[in-house]
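First up is the structure itself, then whatever we jot down about it.
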Amino acid sequence: MTEANPSTCGAGAIAGRPRGLSRRGVLALGAGALAAGAMPRAVRAATAPAGGHGFSPLGALRYGPDFSHFAYVEPNAPKGGTLRLTRIGAFGTLDTLNYPGHPAEDVRLIYDRLVVESEDEPASFYGLLARTIDVAPDYGEIVFDLHEAARWHDGRPVTAEDVAFTFARLKEGGAPYYRQAFRPLTVSAEGGRVVVRNARRGDRDVVRRLATIPIHPRHLWQDGRPERPVGSGPLRVSAFEAPHRLVLERVPDYWGEDLPVNRGRWNFERIAIQYLRDDGVALEAFKAGEADVRSESDPVRWRVGYDGPQLEAGAIRRLESEMLSVGTLHGLAINLRRAPLSDRRVRFALMLASDQGAMNRLLYDGAYDPLDSVFAATPLAARGPATEGERAILEGRLPAPAMADPDPLADVPQPGSREALRLASSLLEEAGFVLVEGIRRGPDGEPLTLATIAANPAYERDLLFLARAWRRLGITLEIVRADPASAARRMLDKDFDLATLSWAPARLPGTAERLLWHSALADVPGSYALSGLDSPAVDAAIEAMETASEMDALADAGRAFDRAFRHAIALLPLYREHTIRTAWWDRFGRPAAEQEGFPPSAIDRWWAAS
């Protein structure tokens with residue numbers, strides 16, 4: 001996963017597996033997707049109260065101005081103890097401000113942000129560094145008043161100038177996510193307040209984007225790079241040994257410890273993080289007692305890899321939790337800039353040869369759901385003929401078959417079947433690719449070979465499955481193996497035919513979809529628009545999602561996007577993952593909400609049991 005990618009930023013561990021280019025946190029864009037029942041029954045237009053303690057683009061906040069803590073934490077959790085974790089890969093720097101680089105992802109925990117997103121609401125934000133939040137009704141201006149008590153770990157006050165400096169640096173030279181997501185924004189310090197001006201009116205997801213900024217101290221970064229970073233958050237760097245070890249420790253006099261958004265959180269005295277070369281090694285380290293908590297990405301390994309006396313005796317505990325979202329969508333981004341993938345007939349042929357169901361059964365024991373809708377099982381999922389609201393967005397932008405059914409595979413043979421392969425072969429021949437002695441060749445006589453980047457080795461089995469399937473059509477899938485940093489560079493440089501992608505649509509979608517699929521970014525160097533999709537229908541649906549202020553309008557826009565995107569065939573679907581699998585040694589306390597099914601976050605909500 002590249003730094004600050006567009007589908008995943010938050011305090012907790014990434015739900016599911018970070019495989020390929022994704023955003024925990026495209027944005028999280030770490031955010032979850034809109035779950036059925038996750039939205040309030042009545043959604044009204046946002047009315048931003050002047051100087052409010054929080055903000056939601058849906059209008060109503062769950063937590064009032066006098067709230068004491070979030071409902072999913074234990075406010076009286078004891079402090080102390082050590083949490084040991086593992087991460088896969090390596091890090092080369094602690095610099096999260098400048099790009100390129102490969103920083104330790106958890107070092108971001110030393111920095112406070114302006115606001116914190118509540119995890120039990122679709123889209124609500126409460127002040128952290130910000131004492132109050134004032135959002136203009138058209139989202140053209142957002143004003144933050146900062147807590148006067150906010151302090152850097154060196155004792156100096158956090159100022160509006162620090163915020164403006166951080167924003168300017170990230171927008172100019174930060175990770176691609178910041179440079180793309182903040183293009184329409186300018187930030188200034190005015191009279192001790194932070195003033196954000198937004199050129200994109202109606203952009204109701206702007207506060208979520210601002211919530212991802214880890215605020216840095218201007219006095220330490222404006223003229224260079226400090227040897228050890230200094231934050232204003234609940235943790236500070238205690239020790240580090242690049243590329244494999246980072247230790248964070250609790251700040252005993254943390255200025256914000258008693259704020260409602262922090263009460264019951266950040267309970268460990270010490271968090272030790274070891275970077276390991278692969279997930280198999282990390283599992284063995286966990287079973288040997290060298291790590292305390294583990295998020296399992298592989299459903300087969302979850303079923304058979306934890307057996308042993310510790311599990312039988314209850315020393316190791318395991319839990320499967322449902323994501324508060326549609327989950328993570330896994331697929332292959334198709335580079336439409338390149339022939340022959342610019343030809344929809346070729347892309348459709350690849351879909352016909354790819355049996356999602358068989359892949360799930362044979363490789364994962366049926367643990368995943370089919371990726372048959374972006375917003376599966378929610379009001380935003382398109383079904384049947386386009387509704388009146390969808391037609392208002394899509395009319396004249398999609399062909400009749402797409403308006404009649406959102407499934408591009410409707411009325412065609414089962415993918416992977418002999419009938420489907422015959423149809424796929426016919427489409428390829430129409431596109432000029434004929435089968436010659438078992439090899440599919442184009443008009444120039446060259447074999448049809450598709451270079452496919454796997455940024456994470458966990459996707460290798462999927463690609464090998466597809467390689468065997470496509471070989472029946474005479475197509476060669478060439479797996480490009482590279483370290484994560486090199487793979488990310490090739491993906492952002494668009495040097496591929498296909499690339500693995502994991503994408504978690506936000507509960508209030510729009511930003512991630514713009515970064516990945518809107519044509520405005522298709523030709524921007526270094527953008528996350530991997531496919532280079534240029535679809536007026538998809539663009540119109542994204543813009544409608546971004547500006548929707550009522551549930552009915554959001555549902556219409558989501559359905560329009562679902563329909564248009566699926567028919568564009570810019571992503572070859574693999575499967576949908578909606579389960580979080582957590583294993584831990586039984587020596588920790590957990591909030592009551594987690595024991596009742598709320599998704600876990602050990603790093604900021606658990607505590608060492610006495």
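- The shortest distance between side-chain heavy atoms of Phe125 and Leu210 does not fall below 4.5 Å.
- Of all the heavy atoms in Ser527 and Gln180, the pair that sits closest is CA-NE2, 2.8 Å.
- Between His147 and Trp255, the two ring planes are tilted [angle within 30° to 60°].
- At least one donor-acceptor pair under 3.5 Å links the side chain of Arg265 to the backbone N or O of Val261.
- Of all non-hydrogen atoms in Ala123 and Pro57, the two that sit nearest each other are O-CD, 3.2 Å.
- The structure places OG of Ser486 at 15.0 Å from CZ of Arg481, a figure rounded to the nearest 0.5 Å.
- In the model, Glu513 has no side-chain atom that pairs as donor or acceptor with a side-chain atom of His518 under 3.5 Å.
- Under the 4.5 Å side-chain criterion, counting only non-hydrogen atoms from C-beta, Asp154 is in contact with His219.
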ask   = How far apart are the C-alpha atoms of Asp298 and Leu283, what are their side-chain angles, what is the distance that settles it, and do they pass the side chain to side chain contact (heavy atoms under 4.5 Å, CB included) test?
value = CA-CA 11 Å; Asp298 188 329; Leu283 173 59; over 6 Å; no
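- No side-chain heavy atom of Arg605 sits less than 4.5 Å from a side-chain heavy atom of Glu74.
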Exercise for the section: Show the numbers, then the answer: is there a side chain to side chain contact (heavy atoms under 4.5 Å, CB included) between Ile213 and Leu114? Expected result: CA-CA 8 Å; Ile213 303 176; Leu114 288 168; 5.6 Å; no
Arg317/Arg590 under side chain to side chain contact (heavy atoms under 4.5 Å, CB included): CA gap, chis, key distance, verdict: CA-CA 12 Å; Arg317 299 183 61 186; Arg590 299 184 296 134; 4.0 Å; yes
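- Arg514 has no carboxylate O lying under 4.0 Å from a charged side-chain N of Asp203, or vice versa, which leaves the two without a salt bridge.
- Using the six-membered ring where Trp is involved, Trp221 and His216 have ring planes that are perpendicular, over 60° apart on the 30 and 60° scheme.
- No side-chain donor from either of Arg169 and Thr166 sits under 3.5 Å from a side-chain acceptor of the other.
- A donor-acceptor pair is defined here as one N or O able to donate and one able to accept, closer than 3.5 Å; no such pair exists between the side chain of Asp205 and the backbone of Gly510.
- With a 4.5 Å cut-off on side-chain heavy atoms, Val524 and Arg179 do not count as touching.
- For the atom pair CE of Met491 and CG of Leu530, the computed distance is 5.0 Å after rounding to the nearest 0.5 Å.
- What you find for Ile453 and Ala487 is that their closest heavy atoms are CG2-CB, 3.8 Å.
- For Val73 against Gly264, the heavy-atom pair with the smallest separation is CB-O, 4.2 Å.
- Between the side chain of Lys287 and the backbone N or O of Gly305 there is at least one donor-acceptor pair closer than 3.5 Å.
- To the nearest 0.5 angstrom, Arg277 atom CZ is 13.5 Å from His244 atom NE2.
- With hydrogens and angles ignored, the 3.5 Å screen pairs no side-chain donor or acceptor of Arg131 with any backbone N or O of Asp145.
- Under a 4.0 Å N-O distance rule, the pair Glu249/Arg236 qualifies as a salt bridge.
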**Message:** Could you go through Phe91 and Val107, starting from their C-alpha distance and side-chain angles, then the distance that decides it, and tell me whether this counts as side chain to side chain contact (heavy atoms under 4.5 Å, CB included)?
**Reply:** CA-CA 11 Å; Phe91 69 92; Val107 77; over 6 Å; no
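- If you look at Phe144 and Phe55, their ring centroids are not closer than 6.0 Å.
- You'll find the side chain of Leu146 stays beyond 4.5 Å of the side chain of Thr159, heavy atoms only.
- Distance check, rounded to the nearest 0.5 Å: OG1 of Thr500 to NE2 of His330 gives 10.0 Å.
- In this structure, the side chains of Tyr72 and Pro599 stay at 4.5 Å or more apart for every pair of heavy atoms.
- Contact detail for Gly256 and Asn262: the closest heavy-atom pair is O-ND2, 2.9 Å.
- Of the possible polar contacts, one joining the Arg263 side chain to the Ser68 backbone as a donor-acceptor pair under 3.5 Å is found.
- Proximity of Trp606 to Pro591: side-chain heavy atoms (C-beta onward) are separated by under 4.5 Å at one or more points.
- The existence of a salt bridge linking Glu577 and Arg581 is confirmed by a sub-4.0 Å separation between a basic side-chain nitrogen and an acidic carboxylate oxygen.
- The minimum heavy-atom distance between Ser188 and Arg197, with the atom names listed, is OG-NH1, 3.5 Å.
- A 6.0 Å sphere centred on CD of Glu190 holds more than 12 heavy atoms belonging to other residues, nucleotides or ligands.
- The shortest side-chain heavy-atom distance between Leu58 and Glu121 does not fall under the 4.5 Å cut-off.
- Here the CG atom belonging to Leu319 is positioned 10.5 Å from the OG1 atom belonging to Thr579, to the nearest 0.5 angstrom.
- In this structure, Tyr528 has its ring center no closer than 6.0 Å to that of Tyr177.
- By the 6.0 Å contact criterion, CD on Glu141 is enclosed, its count of non-hydrogen atoms from other residues, nucleotides or ligands being greater than 12.
- Between Phe67 and Tyr63, the ring-plane angle classifies as tilted under the 30° and 60° cut-offs.
- Comment: Glu546 engages Arg200 in a salt bridge, judged by a side-chain N to carboxylate O separation of less than 4.0 angstrom.
- In the displayed structure, Glu172 atom CD is contacted under 6.0 Å by at most 12 heavy atoms of other residues, nucleotides or ligands.
- A distance of 4.5 Å separates CZ of Arg587 from CG of Asp292, quoted to the nearest 0.5 Å.
- No side-chain donor-acceptor contact under 3.5 Å links His53 to the backbone of Asp66.
- One finds a salt bridge joining Arg250 and Glu269 here, because a Lys/Arg side-chain nitrogen approaches an Asp/Glu carboxylate oxygen to under 4.0 Å.
- No hydrogens or angles considered: nothing links the side chains of Trp585 and Gln310 as a donor-acceptor pair under 3.5 Å.
- In this structure, His153 contributes its side chain and Tyr254 its backbone to no donor-acceptor pair below 3.5 Å.
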